[in-house]
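Please read the structure below before turning to the comments.
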Protein chains: 2
Amino acid sequence: MGQNMMAAGDNDDAIRLGPLEDLVGYHMRRASAVVGADFARAVSGTGMRQVLVGILSIIAANPGINQGMVGRALNIQRANMVSLVNELVDAGLVTREVSAEDRRAFTFTLTDRGRTTLDDALVRIRDHEERLLGSMSAQERATLLDLLSRIEARGD
Amino acid sequence: MGQNMMAAGDNDDAIRLGPLEDLVGYHMRRASAVVGADFARAVSGTGMRQVLVGILSIIAANPGINQGMVGRALNIQRANMVSLVNELVDAGLVTREVSAEDRRAFTFTLTDRGRTTLDDALVRIRDHEERLLGSMSAQERATLLDLLSRIEARGD
DNA sequence: TATTGTTATACTCTATAACTATA
DNA sequence: TATAGTTATAGAGTATAACAATA
């Protein structure tokens, strides 16, 4: 017991992480929170959020895609897609049309405004990632993307 | 058309990620979600969650630490610490005492049951990480921890 | 005056079940 | 019967402001 001599409330910046130290899950959670917070700062005032940029990006890369496909691509539940899509349609960023092949489904396309909003967001996001990953070489960033992708792939 | 016989995830892979493809934030978010979901599966039935294991670990590694210090170590707001700590105390995993040095503060110690619960959770968690990271060499895991830690450090 | 912990509150994200309209 | 989208709801996680007790 002799090793913990400091009083609670001392200038103890040296809080030990203990078992958390080498847990990938813990560090992933913390790093993801840091990225998310900086992302929010980067796009603040634009009405964008991580999930909305995700949806706009998927629609941009797959014009005419329907709601269910977008949700599956991003792992968003059907029920939770509804209000997200409503936000984008109400903001005039996305047009929603009944699918010609399946009248149960909606297909999406970006409006000009949606395209502009996404492009602006992407400029801010690339800047934010540059800031956050500034200390990493291109090699290290590629390695990070590769390692993260391999973990993602375990989620099937 | 009778062509819809593929399992979920088969042909949906043809959906392009577009701008998301090379965004670290996107892949971090997805990988973190995969880890979190598998974590939940690993400890299901034990009453543990990522945040509770975090608090127990910090207390275990820093006996006598107070509530504010735990919150700062894990980046949990003061207001949100209250119910989390109540959960742990009510479950008999942690004892809460008024600090001898500062009567505004509470100091925490793990009970025997808290120690056992944490140890059991850690066995499950190490197993879960082994499963999730099974394809990575020790070198790769170390690299991942290093890269994540460097991003974490940008959050100060 | 500042800090520790508390209460109240609110918003986002996530998850599930039940419903409708099409297929 | 199965699927696309909807509604309702509930539990986590997170954030802020105001308060009492103590420093």
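What you are looking at is a predicted structure, and each value in this text was computed from that prediction instead of being measured. Letters A, B, ... are given to chains in the order of the sequence lines, protein chains preceding strands, and every chain is numbered from 1.
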Atom CD of B:Glu87 and atom C1' of C:dT6 are separated, to the nearest Å, by 16 Å
Specify the separation, in whole Å, of atom CG of B:Leu84 and atom C1' of D:dG11. 13 Å
Selected nucleotide, minimal atom distance to A:Arg49 side chain, candidates C:dG5, D:dG13, C:dC13: C:dC13
Starting at atom CZ of B:Arg72, determine the distance to atom C1' of D:dA15, rounded to an integer number of angstrom. 17 Å
Spacing of B:Glu97 atom CD relative to C:dG5 atom P, expressed in whole Å: 14 Å
Taking the side chain from A:Ser57 and the backbone from B:Pro19, do they hold a donor-acceptor pair closer than 3.5 Å? no
Euclidean distance, atom CD1 of residue A:Ile76 to atom P of D:dA4 [Å, nearest integer]: 16 Å
Please determine whether a side-chain nitrogen of the Lys or Arg among B:Glu129 and B:Arg141 lies less than 4.0 Å from a carboxylate oxygen of the Asp or Glu. no
Would you mind writing out the side-chain donor-acceptor pairs for residues 69-80 of chain B within the sub-3.5 Å range, not counting sequence neighbours?
none

Just how far, in rounded Å, is P of D:dT14 from CZ of A:Arg41? 16 Å
How many whole angstroms separate atom CE of B:Met81 from atom P of C:dT7? 14 Å
I want to confirm an ordering. Mapping A:Asn86 and A:Ala33 to their closest nucleotides on DNA chain D, which one lands closer to the 5' end? A:Asn86
State whether A:Gln67 places a side-chain N or O below 4.0 Å from either non-bridging phosphate oxygen (OP1 or OP2) of D:dT6. yes
Salt bridge B:Arg154-A:Asp38, side-chain N to carboxylate O under 4.0 Å: no
Would you compute the distance between atom CG of A:Asp112 and atom CG of A:Leu93 and round it to the nearest 0.5 angstrom? 11.5 Å
Can you give one letter per nucleotide of nucleotides 15-23 of chain C, going 5' to 3': B for a protein heavy atom under 4.0 Å from the base, S for sugar-phosphate only, - for none? BBB---BBS
Without decimals, in angstroms, what is the distance between A:Arg29 CZ and C:dC13 C1'? 13 Å
